[in-house]
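Here the structure comes first, spelled out in structure tokens, and everything after it is commentary.
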Amino acid sequence: FLLARHHHQVASMVDRTNIDASSSGGATFVKDHYYNIFDQSRDKLFQFYQDSSTMVWNGTPYAGLQGIVPFLTSLPSTVHTIDSIDCQMLNGPGSTPMSNLLIQVSGRVTFNNTPARTFTQTFMLAQLNGSYFISYECQRLTS
């Protein structure tokens with residue numbers, strides 16, 4: 001019993017460390033990278049996607065670099081304000097800790113200086129060769 005309890009305590013500490021790291025990594029991705037590039041250097045968004053990436057934007061699906069990036073770069077200029085970020089590790093059978101991150105974002109966005117609209121956006125980041133890419137993304141304008 002004591003060994004099982006000790007194992008549980010150690011596993012809980014490792015899980016807490018991974019949860020904290022995933023939350024920090026998700027917030028950094030959103031605040032310092034994705035929306036900064038989206039608003040200021042949209043032509044560089046390709047670096048976040050792979051050919052296997054998929055996206056649903058207000059109910060319309062896009063797939064791969066050739067589908068996602070041209071659509072995003074065709075949108076009018078934007079300014080995003082982030083209100084909340086939640087991040088969680090997703091680990092399936094046989095996966096390593098933090099191999100996938102699920103990030104939920106809510107905030108406001110203006111298009112070409114029009115009144116701000118609220119949005120929610122979900123990212124699933126997957127690891128490839130030690131780096132993360134957007135495997136799946138879903139965005140919905142809610143106002």
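What you see is a predicted model; the values in this text were computed from it and never measured.
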Can you tell me how far the CD atom of Gln121 sits from the CD1 atom of Ile82, to the nearest 0.5 Å?
8.0 Å
For Val109 and Leu141: C-alpha separation, side-chain torsions, deciding distance, then whether side chain to side chain contact (heavy atoms under 4.5 Å, CB included) applies.
CA-CA 9 Å; Val109 59; Leu141 296 172; 3.9 Å; yes
Pairwise distance OG1(Thr142) to CZ(Arg108) - rounded to 0.5 angstrom
11.0 Å
Non-hydrogen atoms of Gln104 and Thr120 that approach each other most closely:
NE2-CB, 3.7 Å
Give the ring-plane orientation class for Phe119 versus Tyr35, where under 30° counts as parallel, over 60° as perpendicular and anything between as tilted.
tilted
His80 and ring-ring contact (aromatic ring centres under 6.0 Å, His included): which partner among Phe38, Phe111, Tyr34?
Phe38
Taking Thr110's backbone N and O only, do any of them form a donor-acceptor pair with Thr114's side chain (distance below 3.5 Å, no angle check)?
no
Are Leu65 and Leu125 joined in one hydrophobic group, where the rule is that I, L, V, M, F, W and Y side chains link up if heavy atoms are under 4.5 Å apart?
yes
So, does Arg42 use its side chain to make a donor-acceptor pair with the main chain of Leu75 at under 3.5 Å?
yes
Phe48/Phe29 under ring-ring contact (aromatic ring centres under 6.0 Å, His included): CA gap, chis, key distance, verdict:
CA-CA 10 Å; Phe48 297 122; Phe29 168 76; 5.5 Å; yes
Under a 3.5 Å distance rule, please check whether Ser143 uses its side chain to pair with a backbone N or O of Thr118 as donor and acceptor.
yes
Linking I/L/V/M/F/W/Y whenever their side-chain heavy atoms sit closer than 4.5 Å, directly or via other members, would Phe133 and Tyr136 fall into one cluster?
no
I need the Leu72 CG to Phe46 CZ distance, nearest 0.5 Å.
13.5 Å
Within the supplied structure, the quantity of interest is the number of heavy atoms (other residues, nucleotides, ligands) at a distance under 6.0 Å from Asp32 CG; does it exceed 12?
yes
Nearest-0.5 Å distance that lies between atom OG in Ser135 and atom CG in Leu102:
11.0 Å
We want to know whether Glu137 and Tyr62 form a side-chain donor-acceptor pair, criterion being a heavy-atom distance below 3.5 angstrom.
no
Check Gln127 against Asn100 and note the closest heavy-atom contact, atom names and distance.
N-OD1, 4.4 Å
In terms of heavy-atom contacts, does CD of Gln47 have more than 12 from other residues, nucleotides or ligands at under 6.0 Å?
yes
Sole residue of Asp39, Leu45, Asp43 in side-chain contact (heavy atoms from CB on, under 4.5 Å) with Ser41:
Asp43
Nearest non-hydrogen partners of Ile134 and Ser53, listed with the distance:
O-OG, 2.5 Å
Ser131 side chain to Leu128 main-chain N or O, any donor-acceptor pair under 3.5 Å?
no
Determine whether the aromatic ring centres of Phe71 and Trp57 lie less than 6.0 Å apart.
yes
Evaluate Ser106 against Asp83 for side chain to side chain donor-acceptor pair (under 3.5 Å), listing each step before the verdict.
CA-CA 6 Å; Ser106 64; Asp83 294 329; 5.3 Å; no
Roughly how far apart are Leu101 CG and Cys87 SG, rounded to 0.5 Å?
4.5 Å
Any idea which heavy atoms bring Ile85 and Lys31 closest together, and the distance?
CD1-CE, 3.6 Å
Rounded to the nearest 0.5 Å, how far apart are CD of Gln139 and CG of Asn58?
7.0 Å
